[in-house]
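Quick notes on the structure that follows.
Indexing begins at 1, ligand by ligand and atom by atom, following the structure's order.
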Amino acid sequence: MIFIEVRVQKGKSQFQYYCPRFKLHSDDHLEEYFNDLEVIDLKMAPPISTEENTENEDLIISSRRKKHKSNDYLLFNTDALKFISVDSKCMEKYTWLGERLRLTFKMMRSDSKLIRTMLHGHGFMQCSSKNPNVNVIWSGAPMKNIRMRDLMPWQRLNQFPRSTELTKKDRLYENIERSKSIFGTPFDFIPEFYVTPRENKKMTEAFDRLNQEIIENGGEFCFPGEFIVKPTNSRQGKGIFFANKMEDIPTDGPLLVSRYLSDPLLVNKHKFDLRIYVAVTSFYPLVCYIYSEGLARLASMPYDSSSSSDSNEFVHLTNYSINKNSDSFVRNESMTSEDLGHKWTLGALLRHLDNEGIDSKLMMIRIEDLIVKSLLSIQNSVATASKTLLKFHGTNFELFGFDVLVDNELKPWLLEVNLSPSLACDAPLDSLIKTRLIADLMNLACIPLIEKKIIDSVSATIKNAISNSGEEPEDIEYKLEMDPKCVKTLKRRPVGIRRSVLNRKIASGQTSLITPNEQKMDQIIRRVNVENERKGDFIRVFPRISTWSLYSAVMEDLGYDDLDQRLYEELFENIEREGSMEKKMRKNEEENEELFHEIMMNAKKYPDFTKIPQNMQEILKPWYLEAGEYTKKITVEGEKYASKLPAIRPTARLRTKSCAEYYEVRRGQLIKKKEVELAQKMASDKENNTN
Ligand SMILES: Nc1ncnc2c1ncn2[C@@H]1O[C@H](COP(=O)(O)OP(=O)(O)OP(=O)(O)O)[C@@H](O)[C@H]1O
């Protein structure tokens with residue numbers, strides 16, 4: 001039992017509440033309990049014995065308490081960042097729970113200030129990258145599969161095994177091409193491409209054919225080139241060039257050579273591309289979300305497909321990292337304008353298109369479609385790897401940055417998918433969008449509230465139970481689940497769990513770690529429902545109403561469990577049955593599904609919603625209405641926004657002992673390395689001198 005003394009303010013008067021039997025739950029930014037009252041101070045207090053008080057406070061707490069299923073997980077809030085740089089009492093209401101439960105995180109090959117600030121702002125401590133018992137692992141580069149094997153049910157990692165199938169340019173294109181060869185035109189949303197050196201022969205033939213066609217038609221090569229060439233592993237526009245002939249391209253690669261889309265949609269005569277943020281919380285069944293806020297990146301010079309000059313890159317490439325070097329680049333330094341300079345918000349761009357008479361909501365539905373299909377194209381690979389590597393459902397989540405180019409006929413094309421998209425906050429709009437994005441992402445990740453000492457104690461027992469189960473990791477796979485009772489105990493009682501009892505139960509097999517599939521399905525459904533309550537500005541695009549009827553024909557049969565279909569039925573069957581949708585869909589299922597994919601791919605024939613056949617309009621209406629979320633303004637007139645991330649105050653920056661030790665050792669290693677290098681240099685100088 002925890003006793004807390006709370007001082008709150010309502011209007012001008014301050015009250016002091018003593019809250020006996022106040023339970024530490026996660027949804028506790030305390031406003032949850034005191035609704036319209038502002039909590040100005042709280043501290044641990046001795047129990048109060050007067051009966052009068054006890055009754056009063058109990059009444060207040062219970063009458064105001066909202067029942068949240070998601071309250072076993074930490075709730076992130078961007079407001080926490082307002083106070084991080086000042087040593088204020090306000091800060092405590094965001095950090096106290098994390099600090100009390102001694103939550104920790106570690107960064108692997110990433111030094112994202114935003115992630116660190118957000119986690120520090122919620123009471124997390126950073127620990128050494130070697131520490132295995134950590135709550136959140138944030139990695140900025142592909143993680144080794146082996147590291148994922150040991151993830152415990154309360155740990156969260158921002159990556160799925162083999163998601164590089166999506167984020168390496170050549171693998172992405174090859175995966176989508178493979179799906180296209182199975183399912184046909186529904187996957188026609190990447191430009192024609194070749195990967196060197198594997199496909200040099202095929203590419204030579206394509207160039208020859210192209211040459212022939214151009215000669216026969218008496219035409220010219222398109223400017224700046226028929227093909228755009230990118231190193232498969234590079235980022236930020238590095239190493240990109242244009243090519244018309246095979247001789248222009250080094251054949252030793254690895255390079256991705258793709259058809260240049262020479263007719264892009266323009267905004268104020270400038271080419272642009274869209275950065276869409278996508279969160280995946282499960283690949284099998286697929287559960288994915290698109291953030292309703294995103295960025296539009298404009299080229300810094302007007303688009304001209306005939307001119308040839310040194311500034312080609314500022315005309316034809318839209319990367320911020322390239323265009324910021326152009327003399328014409330205008331930074332959006334404004335705190336309130338969403339469409340100033342060469343970086344706009346997604347909403348500002350869509351509103352601009354709406355004003356030009358373009359149906360931006362239908363365009364966004366097409367973008368959602370290409371995102372879902374890209375994820376489906378790697379579902380099998382990720383599911384197979386996860387089956388072998390991940391012991392528990394829900395430990396992994398991932399944020400992808402999809403780069404999309406829209407052509408003049410309003411058809412979106414996928415250019416690439418970024419692993420760990422840039423979270424740098426160079427402009428006020430970056431800070432505004434990305435802090436909200438990361439808070440909502442962390443909420444979707446559902447970080448359980450469990451005390452550190454329980455984790456330390458139970459981890460070893462669970463690991464033993466797994467290794468003593470006598471099964472190969474492949475066989476343990478999905479069957480390995482925490483017993484719901486065990487999870488419940490851990491989640492519901494973050495403070496004061498009787499570890500000895502739990503350990504004895506797990507070790508003796510009374511609390512089994514292996515559960516039947518029904519329980520696993522229950523767990524998946526529960527998690528999706530919890531995510532739904534915590535998704536903030538994310539829009540769940542799969543599964544959602546009608547997705548099973550429209551996408552099942554382009555989904556590979558994964559051969560076991562049918563989790564996608566079962567999840568869909570659990571979530572939507574009743575709604576479909578009640579509405580008229582089901583009848584409409586079921587009547588001509590195959591025709592509808594074909595028509596849907598044709599509409600998604602053929603923007604020229606179906607430029608706006610009114611051109612779509614009536615029955616399909618009805619089916620897509622809920623999606624269309626939801627797409628209105630993308631166009632909303634994110635800034636409020638007259639409100640002030642922080643222009644950059646706050647500095648983390650010293651106490652919030654505290655690291656765990658293991659982290660301090662780790663950095664100490666590292667520093668020692670670096671000094672030693674420098675000494676050795678210096679000695680080697682001096683030795684070689686001496687040798688040169690004697691020679
Ligand atoms: N096929 C294409 N047709 C037309 N323009 C393209 C094409 N491919 C890429 N571009 C342009 O080149 C830019 C860079 O391409 P891409 O995003 O694939 O490279 P990158 O170096 O990985 O960039 P980043 O990682 O910074 O997003 C795009 O933003 C787009 O403007």
| query | Would you call R436 and D440 a salt bridge, using N to O less than 4.0 angstrom? | reply | no
| message | So if I count the atoms of ligand 1 from 1 in the order they appear, which ones are less than 4.0 Å from some heavy atom of H316? | response | 11 (C), 31 (O)
| query | Any side-chain donor-acceptor pair under 3.5 Å between D359 and Y624? | reply | yes
| L261, any N or O under 3.5 Å of ligand 1 N or O | yes
| message | Between the side chains of E598 and K605, is the shortest nitrogen-to-carboxylate-oxygen separation below 4.0 Å, so that they form an ion pair? | response | yes
| field | Contact partition for I228 relative to ligand 1, non-hydrogen atoms under 4.0 Å | value | side chain
| query | What are the two closest heavy atoms between P607 and L410, and how far apart are they? | reply | O-CD1, 4.1 Å
| remark: For R275, the atoms of ligand 1 under 4.0 Å from one of its heavy atoms are 27 (O)
| query | Aromatic rings W138 and F397: how do their planes relate, parallel, tilted or perpendicular, breaks at 30° and 60°? | reply | tilted
| Do the side chain of Y277 and the main chain of S292 share a donor and acceptor less than 3.5 angstrom apart? | no
| note | Under 4.0 Å from one or more heavy atoms of E416, ligand 1 contributes atoms 16 (P), 17 (O), 18 (O), 19 (O), 20 (P), 22 (O), 23 (O), 24 (P), 25 (O), 27 (O)
| ligand 1 atoms in contact with S258 (distance to a heavy atom under 4.0 Å) | 1 (N)
| request: Tell me which part of K271 gets within contact of ligand 1: side chain, backbone, both or neither, using heavy atoms under 4.0 Å. | output: side chain
